[in-house]
Amino acid sequence: MSAATAKTTSPHPKILIAAAGEDDIWQKAMVARLPDADIVTQHENYDPATIDYALLWKQPQGMLKTLSGLKAIFSLGAGVDHVLSTPSLPAEVPVLRLEDAGMADQMVQYHLYAALHFLRDFDIYTRQQAKADWTQHDVARISKYRVGVMGLGALGAAVATAMTQIGFAVSGWSRTMKAIDGITTYAGSETLTEFLGQSDILICMLPRTPETEGVLNSNTLSQLPKNAAIINAARGAMIVEADLLRLLDTGHLRGAFLDVAITEPLPESHPFWDHPKIRVTPHIAAATRIEESVDQIAENIDRITRGETPRGLVDRKTGY
Ligand code: NAP
């Protein structure tokens, strides 16, 4: 393999799980899938130098520094920002992420609901209900309603495809050029203005990296058509929250449907909670499905054992 790097290992690998409050669930599933492996959680006694693989979600600070024999690090999610931002991350150890692992279906459901919310004016009718207002509005034509998806990876491509299937006019934007049936695609920062200018609904499905942090700010959000809406179920850090609030309040933007925020849980006093143009959900758009995930992890351990390139290998340079 290229980052190549992962050293081959014995068929009885030693695996450490640090998965926030879910260590036991992951351990049980991994033991069932890899009965010959030696699988411990962060709360058991183990010799850090003997661990081959670490399965991580919000691991304790400093843990990685102690794991001197690691052959690979697995993120127990699609995002790897929580791993790559660890100061003690060993430079040479491959980092792997989950690809789809049951999340694409859930992302599709979340975004269909949110996009229809705006297409069918449910945001407006919710505000009207509070005033006992029975005003009816014309139904927009779906084929003329333009959805722009930022990020066409494992999850973004599934969301974009589902949007075309119910009739939206869909475009997508990524770092490198993609070809997806029925979708107009754009690539690179030089096409961002054009892409934004024709997105009545902007969906953010980007990973959090140094390049994407704050990508949705006053300047870029102003390039959306007047009355555009935003859906963000990727990471809170992609949006400059004060800029979003300003553009909602000045009326340039129609609304925002947000599953993520810079600070989570969203503090009780945060202006998103009771903003009339914002819908908030508590980071539930797509949960990792354990069965699919342990299959992916086990298959990757097999690949590494055979000296092959594993799936979901993260490029440390691009950050995803
Ligand atoms: P992925 O497969 O890594 O895809 C990332 C996409 O973003 C790719 O199309 C990539 O372009 C594009 N991209 C990255 N950097 C870019 C840049 N600087 N400019 C333009 N495009 C850029 O990621 P995924 O599996 O679809 O997941 C996306 C994110 O969803 C995750 O990172 C995670 O943060 C979030 N997520 C949230 C939840 C939730 O419950 N809220 C659940 C799961 C995941 P290329 O195609 O050219 O590489």
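Keep in mind that the numbers below use all heavy atoms, side chains included, and drop hydrogens, waters and symmetry copies. All ligand and atom numbering here is 1-based and tracks the order in the structure.
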**Item:** M150 and ligand 1 - part of the residue with a heavy-atom distance under 4.0 Å
**Value:** neither

**Request:** Decide yes or no for R208 and H82: does some side-chain heavy atom of the first lie under 4.5 Å from some side-chain heavy atom of the second?
**Result:** no

**Proximal atoms of ligand 1 relative to G79 (non-hydrogen, under 4.0 Å)** = 32 (O)

**Asked** To the nearest 0.1 Å, how far is atom 33 (C) of ligand 1 from its closest protein heavy atom, and which atom is that?
**Response** R235 NH1, 3.6 Å

**Message:** Can you pull out every ring pair (Phe, Tyr, Trp, His ring centres under 6.0 Å) where at least one residue sits in residues 237-273? Sequence neighbours excluded, please.
**Reply:** Y110-F257, H117-F257, H270-F272

**Request:** Would you check whether R208 has a nitrogen or oxygen atom less than 3.5 angstrom from a nitrogen or oxygen atom of ligand 1?
**Result:** no

**Asked** Given A158, A233, A101, which one has a non-hydrogen atom that is nearest to atom 37 (C) of ligand 1?
**Response** A233

**Prompt:** Looking at M103, which atoms of ligand 1 are within less than 4.0 Å of one of its heavy atoms?
**Reply:** 43 (C)

**Asked** What part of D259, side chain from CB on, backbone N/CA/C/O, both or neither, has a heavy atom under 4.0 Å from ligand 1?
**Response** side chain

**Message:** Strictly below 4.0 Å, N to O, side chains only: are K14 and D52 in salt-bridge contact?
**Reply:** no

**Item:** Nearest candidate to atom 7 (O) of ligand 1, where distance is taken over non-hydrogen atoms, out of S174, G153, P207
**Value:** P207

**Complete:** The atoms of ligand 1 lying under 4.0 Å from a heavy atom of H283, numbered in the order shown, are 39 (C), 40 (O), 41 (N)

**Prompt:** Within the structure, does Y320 bring an N/O atom to less than 3.5 angstrom of an N/O atom in ligand 1?
**Reply:** yes

**Request:** Keeping the roles fixed (side chain from S143, backbone from G167), state whether a donor-acceptor pair exists under 3.5 Å.
**Result:** no

**Item:** Polar side-chain atom of T288 near backbone of L76 as donor-acceptor pair, under 3.5 Å
**Value:** yes

**Request:** Give yes if a backbone or side-chain nitrogen or oxygen of A154 is under 3.5 Å from a nitrogen or oxygen of ligand 1, and no if not.
**Result:** yes

**Message:** With a 4.0 Å cut-off on N to O distance, would you call D81 and R97 a salt bridge?
**Reply:** no

**Nearest non-hydrogen protein atom, atom 35 (C) of ligand 1** = A234 O, 3.6 Å

**Complete:** ligand 1 atoms nearer than 4.0 angstrom to some heavy atom of L206 are 7 (O), 12 (C), 13 (N), 21 (N), 22 (C), 29 (C)

**Asked** Taking the side chain from N300 and the backbone from P310, do they hold a donor-acceptor pair closer than 3.5 Å?
**Response** no

**Prompt:** Are any of the heavy atoms in Y110 under 4.0 Å away from ligand 1?
**Reply:** no

**Message:** Considering non-hydrogen atoms of the protein only, which is the closest contact for atom 1 (P) of ligand 1, and what is the distance?
**Reply:** R97 NH2, 3.3 Å

**Asked** Taking N or O atoms only and a 3.5 Å limit, does L155 qualify as a polar contact for ligand 1?
**Response** yes

**Request:** Find all atoms of ligand 1 within a distance of less than 4.0 Å from any non-hydrogen atom belonging to K178, and give their numbers and elements.
**Result:** 45 (P), 46 (O), 47 (O)

**Item:** Proximal ligand 1 atoms for G156, defined as those under 4.0 Å from one of its heavy atoms
**Value:** 26 (O)

**Request:** For the pair R246 and D243, find out whether any cationic side-chain nitrogen is under 4.0 Å from an anionic carboxylate oxygen.
**Result:** yes

**Message:** For ligand 1, which is the ligand I care about here, please tell me if L152 has any N or O atom under 3.5 Å from one of the ligand's N or O atoms.
**Reply:** yes

**Message:** Below a 4.0 angstrom heavy-atom separation, can you tell me which part of R175, side chain or backbone, both or neither, approaches ligand 1?
**Reply:** both

**Request:** In plain terms, say whether D123 and K277 are close enough for a salt bridge, that is, a side-chain N and a carboxylate O under 4.0 Å apart.
**Result:** no

Atom pairs and distances, side-chain donor-acceptor, residues 55-62, under 3.5 Å, sequence neighbours left out:
residue : atom : partner : partner atom : Å
Q59     : NE2  : T86     : OG1          : 3.0

**Backbone of I201 reached by a side-chain donor or acceptor of S199 within 3.5 Å** = no

**Asked** Under 4.0 Å between a Lys/Arg side-chain N and an Asp/Glu carboxylate O for E291 and R289?
**Response** no

**Request:** Find out whether M163 and V108 are in side-chain contact, i.e. whether some heavy atom of one side chain is under 4.5 Å from a heavy atom of the other.
**Result:** no

**Prompt:** Can you tell me if T209 has a non-hydrogen atom under 4.0 Å from ligand 1?
**Reply:** no

**Message:** Suppose I only count heavy atoms of M205 and a 4.0 Å limit; which atoms of ligand 1 are within that range?
**Reply:** 28 (C), 30 (O)

**Message:** With side-chain contact (heavy atoms from CB on, under 4.5 Å) as the criterion, how do L70 and I73 come out once you've worked through the C-alpha distance, each side chain's angles and the decisive distance to 0.1 Å?
**Reply:** CA-CA 7 Å; L70 272 187; I73 294 168; 3.6 Å; yes

**N/O donor-acceptor pair under 3.5 Å between Q223 side chain and G197 backbone** = no

**Item:** E99 and ligand 1 - part of the residue with a heavy-atom distance under 4.0 Å
**Value:** neither

**Message:** Within the structure provided, determine whether Y53 and I304 are in side-chain contact (heavy-atom separation under 4.5 Å).
**Reply:** yes

**Message:** Counting non-hydrogen protein atoms only, what is the nearest one to atom 18 (N) of ligand 1? Give residue, atom name and distance.
**Reply:** E211 OE1, 3.0 Å

**Asked** Does some non-hydrogen atom of M107 fall short of 4.0 Å from ligand 1?
**Response** yes

**Request:** Could you check atom 19 (N) of ligand 1 against the protein and tell me its nearest heavy-atom contact, residue, atom and distance included?
**Result:** W173 CH2, 3.4 Å

**Asked** If we only count N/O pairs under 3.5 Å, is A286 in contact with ligand 1?
**Response** yes

**Message:** Between ligand 1 and T212, is the shortest N or O to N or O distance under 3.5 Å?
**Reply:** no

